[in-house]
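One structure below.
Just so we're clear, the structure is a prediction, and the values are computed from it rather than from any experiment. Each ligand, and each atom within it, is numbered from 1 in the order the structure gives. The basis for the numbers below is simple: all heavy atoms, side chains too, and nothing from hydrogens, waters or symmetry mates.
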Amino acid sequence: MYHLFFRLVFRRMDAEKAHHLAFRWIRAAARVPGLRAAIAAVLAPSHASLATTALGQRMRGPFGLAAGFDKNAVAIDGMSMLGFDHVEIGTVTAQQQSGNPAPRLFRLVGDRALINRMGFNNDGSAAVAARLARRRTVFPTTVGVNIGKTKVVPEGEAVQDYVTSAERLARYADYLVVNVSSPNTPGLRNLQATEALRPLLAGVREAADRAVTGRRVPLLVKIAPDLADADVDAVADLAVELGLDGIIATNTTIAREGLGLTSDPAVVAQTGGLSGAPLADRSLEVLRRLYARVGDRITLVGVGGVETAEDAWRRILAGATLVQGYSAFVYQGPFWMRAVHKGLAARLAASPYATLADAVGADTRKVTS
Ligand SMILES: Cc1cc2nc3c(=O)[nH]c(=O)nc-3n(C[C@H](O)[C@H](O)[C@H](O)COP(=O)(O)O)c2cc1C
């Protein structure tokens with residue numbers, strides 16, 4: 001039914017307008033107690049076998065919403081109501097910014113992909129922190145907070161910019177993510193080089209520790225699929241060296257070649273990051289590489305082109321403790337999370353593993369042992 005609705009309504013609308021419309025409906029439904037309970041009962045049934053502990057949090061499952069959908073932390077309960085086991089808000093920057101001019105979000109329907117050059121449109125970390133402070137939790141969801149660099153801040157002042165956001169937001173974060181991998185802020189991805197990344201991650205770690213006493217906020221870094229393999233290894237080694245809690249692999253790609261894209265070449269040629277199905281192979285490859293390097297020392301989050309329960313299961317076997325999605329939600333709609341959970345529970349039950357935790361990295365361990 002969603003597919004029909006998508007074809008008849010959303011597909012005929014500008015992609016960003018469709019996003020805002022769907023988002024308004026989700027938020028409105030989540031404000032009505034009886035309705036949200038009914039929706040959650042249908043879309044987010046619990047599967048006890050999928051309960052997951054990661055980053056110090058007990059979660060009802062491993063499958064969460066990737067950053068970029070709820071940039072301003074306005075729909076955490078709505079997304080939880082739809083069945084996401086954790087919600088990563090952001091990317092939030094120290095200063096409010098409106099992002100790139102529209103149009104800036106494009107659908108590649110035949111490829112089950114999106115291209116976006118949103119450019120971190122968000123309310124800024126002071127406003128988002130105030131919103132999180134006011135939030136009255138309805139569903140006890142794990143909330144990740146993803147931070148990035150304000151566009152007008154020069155690369156040389158990036159650390160202070162991230163530190164400002166970390167100081168404001170860390171206390172509301174079940175985990176904090178340093179995003180150095182979006183392609184739509186000029187120079188941002190240069191921060192993935194270890195010489196730049198080391199002081200950035202150390203600075204954010206100290207800021208989170210200063211801002212939050214009594215608990216240690218887990219810190220993760222989110223990387224691009226376009227890193228060369230040697231650079232993936234370098235980030236993995238740095239993460240271990242700095243005692244980082246996790247790595248999120250991956251963000252969108254700037255690549256277009258070799259992905260088998262069949263959409264209108266004019267759309268394919270749009271500047272921005274490509275997400276969805278064509279990203280799956282490289283994201284999985286990066287995840288495998290990371291797991292082979294860091295093993296269980298660091299929590300890995302697999303994201304990029306996850307469409308089915310089988311995809312999510314393969315990420316877990318490759319080394320992901322948590323899995324996220326974004327683009328497939330746009331194409332598959334509100335029953336998607338339910339289907340992924342059901343399929344994951346079935347796969348776990350049919351597998352030789354007693355728990356999801358036992359399955360994490362099983363494929364990669366087989367290859368490397
Ligand atoms: C419209 C859009 C906006 C995004 N914004 C962000 C963002 O602000 N921060 C971020 O870390 N990732 C952002 N992402 C990347 C996603 O979090 C995710 O890493 C990527 O889309 C790959 O997952 P998918 O193939 O399931 O969509 C965005 C993706 C899309 C499609």
Side-chain angles (χ1 to χ4, degrees), residues 14-20 22-23 63-73 79 84 86-93 97 99-100 102-108 111-123 125 128 144-151 162 165 175-185 188-189 191-192 220-226 246-255 259 270 272-284 286-287 301-308 311-312 315 320 322-332 336-337 340:
D14 166 75
E16 192 175 348
K17 289 207 176 90
H19 169 84
H20 288 303
F23 208 45
F63 190 52
L65 177 66
F69 197 90
D70 186 8
K71 286 178 185 281
N72 293 310
M79 303 318 290
F84 286 108
H86 68 269
V87 176
E88 189 170 311
I89 64 137
T91 293
V92 183
T93 55
Q97 54 184 30
N100 290 319
R104 53 192 183 174
L105 176 61
F106 306 89
R107 297 189 200 94
L108 289 70
D111 294 312
R112 306 189 307 281
L114 300 169
I115 291 176
N116 91 83
R117 52 167 178 271
M118 306 300 289
F120 292 166
N121 51 308
N122 78 105
D123 295 342
S125 51
V128 173
V145 176
N146 178 310
I147 57 174
K149 186 182 82 64
T150 307
K151 185 177 180 185
Y162 280 87
S165 292
Y175 69 85
L176 198 58
V177 182
V178 170
N179 178 11
V180 282
S181 48
S182 290
N184 303 313
T185 296
L188 188 87
R189 302 189 320 160
L191 298 171
Q192 292 175 113
L220 296 81
V221 65
K222 182 166 178 179
I223 64 172
D226 307 320
I247 303 176
I248 304 185
T250 67
N251 214 309
T252 57
T253 180
I254 57 167
L259 299 175
Q270 289 289 344
L274 177 85
S275 58
L279 182 57
D281 286 352
R282 178 60 186 161
S283 287
L284 179 59
V286 171
L287 175 68
V301 183
V303 51
V306 172
E307 293 187 298
T308 61
D311 293 336
R315 298 297 158 113
L322 298 176
V323 179
Q324 296 179 335
Y326 183 147
S327 301
F329 177 54
V330 171
Y331 289 114
Q332 314 243 5
W336 180 49
M337 293 64 79
V340 170

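- Set against the non-hydrogen atoms of G68, the atoms of ligand 1 under 4.0 Å away are 4 (C), 5 (N), 6 (C), 7 (C), 8 (O).
- The N/O atoms of T250, backbone and side chain alike, include one that comes under 3.5 Å of an N/O atom in ligand 1.
- With 3.5 Å as the limit, one finds a donor-acceptor pair spanning the side chains of S283 and T250.
- Protein heavy atom in closest approach to atom 1 (C) of ligand 1: Y326 OH, 3.3 Å.
- Scanning all protein heavy atoms for the shortest distance to atom 12 (N) of ligand 1 gives K222 NZ, 3.1 Å.
- If you look at K71 next to ligand 1, the close heavy atoms, those under 4.0 Å, all belong to the side chain.
- Residue N121 qualifies as enclosed at atom CG: its count of foreign heavy atoms under 6.0 Å is above 12.
- Here atom 20 (C) of ligand 1 lies nearest to T252 when heavy atoms of V306, T252, V323, V301 are compared.
- We find the NZ-CG distance between K71 and N146 to be 8.5 Å, quoted to the nearest 0.5 Å.
- By the 3.5 Å distance cut-off applied to N or O atoms, G276 is counted among the residues near ligand 1.
- Distances below 4.0 Å separate heavy atoms of S327 from the following atoms of ligand 1: 24 (P), 25 (O), 26 (O), 27 (O).
- At a 4.0 Å heavy-atom cut-off, ligand 1 does not touch E88 at all.
- Atoms of ligand 1 lying under 4.0 Å from any heavy atom of T91, numbered from 1 in the order shown and given with element: 7 (C), 8 (O), 9 (N), 10 (C), 11 (O).
- Using a 4.0 Å cut-off to heavy atoms of G325, the atoms of ligand 1 that qualify are 26 (O).
- Although no hydrogens or angles enter the test, the distance criterion places no donor-acceptor pair under 3.5 Å between the side chain of Y175 and the main chain of E88.
- Residue A67 places at least one N or O, backbone or side chain, under 3.5 Å from an N or O of ligand 1.
- Counting heavy atoms closer than 4.0 Å to ligand 1, residue L279 contributes side-chain atoms (C-beta onward) but none from N, CA, C or O.
- Here is the list of ligand 1 atoms found below 4.0 Å of a heavy atom in G305: 24 (P), 25 (O), 26 (O).
- Between the side chain of E16 and the backbone N or O of A102 there is no donor-acceptor pair closer than 3.5 Å.
- Looking at residues two or more places apart in sequence or on another chain, you find a side chain to side chain donor-acceptor pair (under 3.5 Å) between R189 and D226.
- Applying the 4.0 Å criterion to heavy atoms of L105 picks out, from ligand 1, the atoms 1 (C).
- With rounding to the nearest 0.5 Å, the separation of CD in E307 from CG in L279 is 10.5 Å.
- Residue L114 approaches ligand 1 through these ligand atoms, each under 4.0 Å from one of its heavy atoms: 31 (C).
- No option in N72, T93, T150 other than T93 meets the side-chain hydrogen bond (donor to acceptor under 3.5 Å, both in side chains) test with N122.
- The aromatic rings of F69 and F23 sit perpendicular to each other, their planes meeting at more than 60°, with 30° as the lower class boundary.
- Residue contact check: N179 has heavy atoms under 4.0 Å from atoms 9 (N), 10 (C), 11 (O) of ligand 1.
- Atom CE of residue M79 and atom CZ of residue F84 lie 5.0 Å apart, to the nearest 0.5 angstrom.
- Of all non-hydrogen atoms in L65 and Q324, the two that sit nearest each other are O-NE2, 4.1 Å.
- When hydrogens are left out, the protein atom nearest atom 21 (O) of ligand 1 is S275 CB, 3.2 Å; that is the closest non-hydrogen contact.
- A donor-acceptor pair under 3.5 Å is formed between the side chain of Q192 and the backbone N or O of A224.
- Contact annotation for N251 and ligand 1: heavy atoms of both the backbone and the side chain come within less than 4.0 Å of the ligand.
- Contacts between V177 and ligand 1, counted as non-hydrogen atom pairs separated by less than 4.0 Å, are absent for every part of the residue.
- Looking at N116 against ligand 1, only its side chain comes within 4.0 Å, counting heavy atoms.
- The closest donor-acceptor contact from the side chain of R315 to the backbone of V323 lies at 3.5 Å or more, if one exists at all.
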